[in-house]
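Here the structure is a predicted model, which is why all the values come from computation and not from measurement.
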Amino acid sequence: MSDSLSLTTISFTISMNIKQLYQLYQQHPCITTDSRNCPEGSIFLALKGATFNGNEFALQALEKGCSYAIVDEELPSNPRIIKVDDCLQTYKLLAREHRRQFNIPVIAVTGTNGKTTTKELIRAVLAEKYNVLATEGNFNNDVGVPKTLFRLTPEHEIAIIEMGASHPGDIKTLAETAEPTCGLITNVGRAHLQGFGSFEGVIRTKCELYDYLRTRPDGLIFLDADNEYLVDQIQEDDSLWVTPYSTDPEKQFSCISGEVVSCDPLLKFRWRRPLMELEEQGASQKWHKVQTQLIGAYNLDNLLAAIAVGINFGVDRKAICHALENYQPTNSRSQLSVTAHNRLIVDAYNANPSSMEAALDNFRLVEAPRKMAILGDMRELGDASHEEHQRMTQLISQTGIDEVWLVGDEFAHTDCPYRKFHDVEEVKAAIQTEQPQGYTILIKGSNGTRLYQLPELL
């Protein structure tokens, strides 16, 4: 991305590069993209979306208290309006310039599944020693990443930036904006196939993070050494520093390693540093046991990733365990909830074939007298959608679940014996009528199916 921008006002023309525009930001260190929120002295930046055009609200933002407005369409002459070619591009360039003011480690986290949970686990571990800035919620796109970068202050010692993608080139653009010093890909799976075109497209896009880190002399990746797709991307590559982690006993000599102790349903695991490292230091090969508040053995990889990051940045082993034991999942991600009537395993924030399969595999291992699953459609699978939903129904048949409810149009077209519902409203009506009790219930589906509304009824 070029640092050069041509900015003009309607009444006069000026030449201003991104550094000069950043100087203006330093005088008015608050950028708002919402005309309903215009702090006095801030800069309004007119972004566009599918259903809105920020340019239409620029004058209103000035009236409400903004000192300047940055737009990319022709507006009435006003010396406080700065016109650029592309507001979104300008936003990203300004955010990158702000990021460059801070010589701190920046960790990029991406992947098909588990990136938000992994980001939060890393935040918890690093917060034991550092003042950490981390992406809030799921602000992981080309608007959310700049928004996070603008939150950097001199007090922050390290930053964790989550990066999402739904099309090729997305991770490349976000990495060029955030300029991470190290990165982590949680995994690659069959998600957003409609945008990526194929599973190979998913792999290529996620690994754009590795491509960026190769351009840095200090580029470091935290690698799931059990993931063949990711390992293949760095084979015989000496341009990257690698810190591996693994659940495979055969790899424990060179990796931070861990294994499940129990999972019924909360995950308890143990971990240790590489045996090779321990032998060099003459240290004992001690396992560290951690009882987490997370559902699912599939979270072991996410926990080991956080441990690998913590060890790399010098967080004490006891502090790492303390952080992981006290981490509480939120937003319907791997949450256990016990109500007056049922025990709920809620993982309803998102779903794709790999995460759905992992949830079903884990649910199969949970010991419970009566099991029920309420599963919603997996969105954005394109031409593979019917095949993947049909495959899920076959997996369900192998789990021994007593009662299965399937929700959404995609599951509606599968050939299976399970009960089907058009949408969450039909499920709500059935719950109110039938009042299921005494079940352990798995709730899993894409966010758009809105299954997160169900726990309060169960």
Side-chain angles (χ1 to χ4, degrees), residues 5 7-10 16 18 20-102 106 116 119-120 123 131-156 159-164 166 170 173-174 177-178 330-331 349 447-448 450 452:
L5 290 174
L7 289 84
T8 62
T9 67
I10 304 304
M16 183 183 293
I18 198 65
Q20 292 170 316
L21 188 57
Y22 184 70
Q23 290 176 356
L24 183 66
Y25 165 76
Q26 289 178 307
Q27 298 168 23
H28 304 273
C30 176
I31 291 183
T32 178
T33 60
D34 186 347
S35 62
R36 297 166 298 183
N37 178 26
C38 296
E40 192 72 28
S42 61
I43 298 173
F44 175 74
L45 191 136
L47 296 180
K48 298 175 184 176
T51 59
F52 66 90
N53 183 347
N55 291 278
E56 298 174 357
F57 302 96
L59 294 176
Q60 179 181 327
L62 294 177
E63 292 173 359
K64 286 185 174 182
C66 290
S67 293
Y68 291 91
I70 299 175
V71 302
D72 54 15
E73 292 182 359
E74 298 294 325
L75 292 180
S77 177
N78 189 318
R80 293 161 60 201
I81 291 179
I82 301 170
K83 185 173 181 293
V84 299
D85 292 333
D86 186 319
C87 278
L88 180 59
Q89 180 78 345
T90 300
Y91 194 39
K92 290 186 283 191
L93 288 171
L94 273 174
R96 185 176 70 176
E97 188 64 25
H98 184 65
R99 178 262 180 274
R100 287 178 174 175
Q101 310 307 307
F102 304 92
V106 175
T116 298
K119 176 257 300 181
E120 289 300 319
R123 185 217 294 253
N131 187 322
V132 181
L133 172 76
T135 300
E136 296 293 345
N138 63 341
F139 285 178
N140 59 17
N141 59 13
D142 54 3
V143 175
V145 167
K147 190 180 293 287
T148 300
L149 293 173
F150 278 120
R151 291 172 45 224
L152 273 170
T153 69
E155 286 71 37
H156 290 121
I160 312 164
I161 308 297
E162 181 180 330
M163 297 181 179
S166 55
D170 285 351
T173 298
L174 296 178
T177 300
T330 58
N331 296 330
Y349 185 82
N447 197 44
R450 298 183 294 156
Y452 55 81

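The line from CD1 of Ile18 to CD of Glu97 is 7.0 Å long, rounded to the nearest 0.5 Å. Atoms CG and CG, on Asp142 and Leu88 in that order, are 4.5 Å from each other to the nearest 0.5 Å. Taking OG1 from Thr90 and NZ from Lys83, the interatomic distance works out to 10.5 Å, rounded to the nearest 0.5 Å. Rounding to the nearest 0.5 angstrom, the gap separating the CZ atom in Arg123 from the OG1 atom in Thr135 is 8.0 Å. Atoms CZ and CD, from Arg36 and Gln60 in turn, are 10.5 Å apart once rounded to the nearest 0.5 Å. If you take CG on Leu21 and CG on Leu94, they are separated by 4.5 Å, rounding to the nearest 0.5 Å.
Ala178 and Leu149 get closest at one heavy-atom pair: CA-CD1, 3.8 Å. Here the closest non-hydrogen pair linking Cys38 and Asp34 is SG-O, 3.9 Å. The two residues Thr116 and Glu162 come nearest to each other via the heavy atoms OG1-OE2, 2.8 Å. Closest approach of Thr148 and Leu133 over heavy atoms only: O-CD2, 3.6 Å. When all heavy atoms are compared, the tightest approach of Gly164 to Asp170 is O-CB, 4.3 Å. The two residues Arg151 and Ala134 make their nearest non-hydrogen contact at NH1-O, 3.1 Å.
With a 4.5 Å cut-off on side-chain heavy atoms, Val145 and Thr173 do not count as touching.
Between Tyr25 and His98, the two ring planes are perpendicular [angle over 60°; tilted spans 30° to 60°].
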Let me check something: any side-chain donor-acceptor pairs from residues 41-51 under 3.5 Å, sequence neighbours excluded? List them with distances.
{"residue": "Ser42", "atom": "OG", "partner": "Pro39", "partner atom": "O", "Å": "2.7"}
{"residue": "Lys48", "atom": "NZ", "partner": "Glu73", "partner atom": "OE2", "Å": "3.0"}

Taking only distance into account, with no hydrogens and no angle test, what donor-acceptor pairs under 3.5 Å do side-chain atoms of residues 63-72 form with protein atoms, sequence neighbours excluded?
{"residue": "Lys64", "atom": "NZ", "partner": "Ser35", "partner atom": "O", "Å": "3.0"}
{"residue": "Ser67", "atom": "OG", "partner": "His28", "partner atom": "ND1", "Å": "3.4"}
{"residue": "Asp72", "atom": "OD1", "partner": "Asn55", "partner atom": "ND2", "Å": "2.9"}
{"residue": "Asp72", "atom": "OD2", "partner": "Cys87", "partner atom": "N", "Å": "3.0"}

* To do: Give the intermediate values and the outcome of side chain to side chain contact (heavy atoms under 4.5 Å, CB included) for residues Lys147 and Tyr91.
  => CA-CA 9 Å; Lys147 190 180 293 287; Tyr91 194 39; 3.7 Å; yes

* Output, in order, the C-alpha distance, side-chain angles, deciding distance and verdict of side chain to side chain contact (heavy atoms under 4.5 Å, CB included) for Ile81 and Leu59. => CA-CA 8 Å; Ile81 291 179; Leu59 294 176; 3.6 Å; yes

* Asked: Would Ile161 and Leu174 satisfy side chain to side chain contact (heavy atoms under 4.5 Å, CB included), going step by step from the backbone distance to the final call?
  -> CA-CA 9 Å; Ile161 308 297; Leu174 296 178; over 6 Å; no

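Aromatic rings from His156 and Phe102 are positioned such that their centres are separated by 6.0 Å or more.
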